[in-house]
Amino acid sequence: MLKDEYGRVVTNLRIAVTNRCNLQCFYCHKEGEKNPGEEISADRIIEIARAFRELGVRKLKITGGEPLLRKDILDIIQNLPDFEEISMTTNGILLEKYADELKECGLSRVNVSLDTLNAEKYRWITKVGDVEKVIRGIEKSCEVGLTPVKVNMLVMKGVNENEVEELLSFTNSFNDNHIRAILQVIELVPFPGFEKYFFDISAIEEEYAKISTQRRIRAMHRRIQYFTPKGVIEFVKPMDNTAFCMHCNRMRVTSDGKLKPCLLRDYAVTIDGKHGEELKKAIIETVRKREPYFKG
Ligand code: SAM
């Protein structure tokens, strides 16, 4: 079992398979990467994933950059070891094309980033994106069973804070007796220069908490999922949130193959040239030294 000195057990792994992206969202934190080196190879991704799996990690998330830009993404997914869940976070632009094959290769489900349904606003946020492609990608993912699809909506002050209801209604349109889609409302991590877009999502959460008929508290970050007559909605509030950090059970691997314990810290551990037991030792040691970013 991978455990740090704060008693936090690492159960989830998040691997950035590339830092390349086909969108240019102005707020992007780039998964905390500043000047990444050479892109990690498919074999290395699989080797690292296997080491984490053998050390007890249960869930794997593939991220980027945009993971679907990798030509070998299907090979990677297909050759990953068996996790309880393998998911991917994608901007959805190429998802319609890949959804079927991703499912066949063993992907469990997807998170799709979509901050607005308004085509012009989507283009403004992403510089180059076509929202219709993303919508078709979500539809296709629901159809082929990459579910539950989580629609990741980043809330920005003065941009889309009034669109939560509309996005929840869109998400809920895929649900009947089965939950196929969930809206995940994310608070902006305000990197320097973007503070003016920060919007505290607590009031929105309270609104949905009031009308919820059922709640599920997730182990990860103590996030609460609310089941409401309008759909299923979850909130991600990382900033100044000590409970979020105390219940962080995730490790990251950067697009150039380093271990990164925390998105908000400029700290990553090189594991180049390490294999087998030596690789596992480096993972155990890096996990042991993890520190919550916001402490109580
Ligand atoms: N390209 C993929 C995608 O769009 O999902 C994966 C990478 S993207 C960096 C992963 C997630 O990070 C997206 O859901 C995005 O909304 C979120 N994200 C990016 N910048 C952020 C920020 N400054 N604060 C909070 N979340 C952010």
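Keep in mind it's a predicted model, so treat the numbers as computed, not measured.
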Quick one: does Val164's side chain get under 4.5 Å of Phe235's, heavy atoms only?
no
Ionic contact status for Asp75 with Lys71, cut-off 4.0 Å
no
Quick one: do Thr18 and Glu66 satisfy side-chain hydrogen bond (donor to acceptor under 3.5 Å, both in side chains)? Show the steps, please.
CA-CA 7 Å; Thr18 182; Glu66 174 47 42; over 6 Å; no
Look at Glu47 together with Arg44 and state whether they make a salt bridge at an N to O cut-off of under 4.0 Å.
yes
NZ of Lys258 to OG1 of Thr270: how many Å apart, nearest 0.5 Å?
5.0 Å
Is there a side-chain contact between Lys30 and Asn19 (heavy atoms, below 4.5 Å)?
no
Cationic N near anionic O, under 4.0 Å, Arg53 to Asp82
no
Is any side-chain N of the basic residue among Arg288 and Glu285 closer than 4.0 Å to the acidic one's carboxylate O?
yes
Any side-chain heavy-atom pair from Met246 and Tyr6 closer than 4.5 angstrom?
yes
For the backbone of Glu291 and the side chain of Arg265, can you confirm whether one donor and one acceptor N or O come within less than 3.5 Å of each other?
yes
May I ask you to establish whether Arg216 and Phe227 are in a cation-pi arrangement, using a distance under 6.0 Å from NZ or CZ to the six-membered ring centre and at most 45° from the ring axis?
no
Ser202 OG to Glu187 CD distance, which is reported to the nearest 0.5 Å
6.0 Å
Salt-bridge contact Glu31-Arg14 (side-chain N to carboxylate O under 4.0 Å):
yes
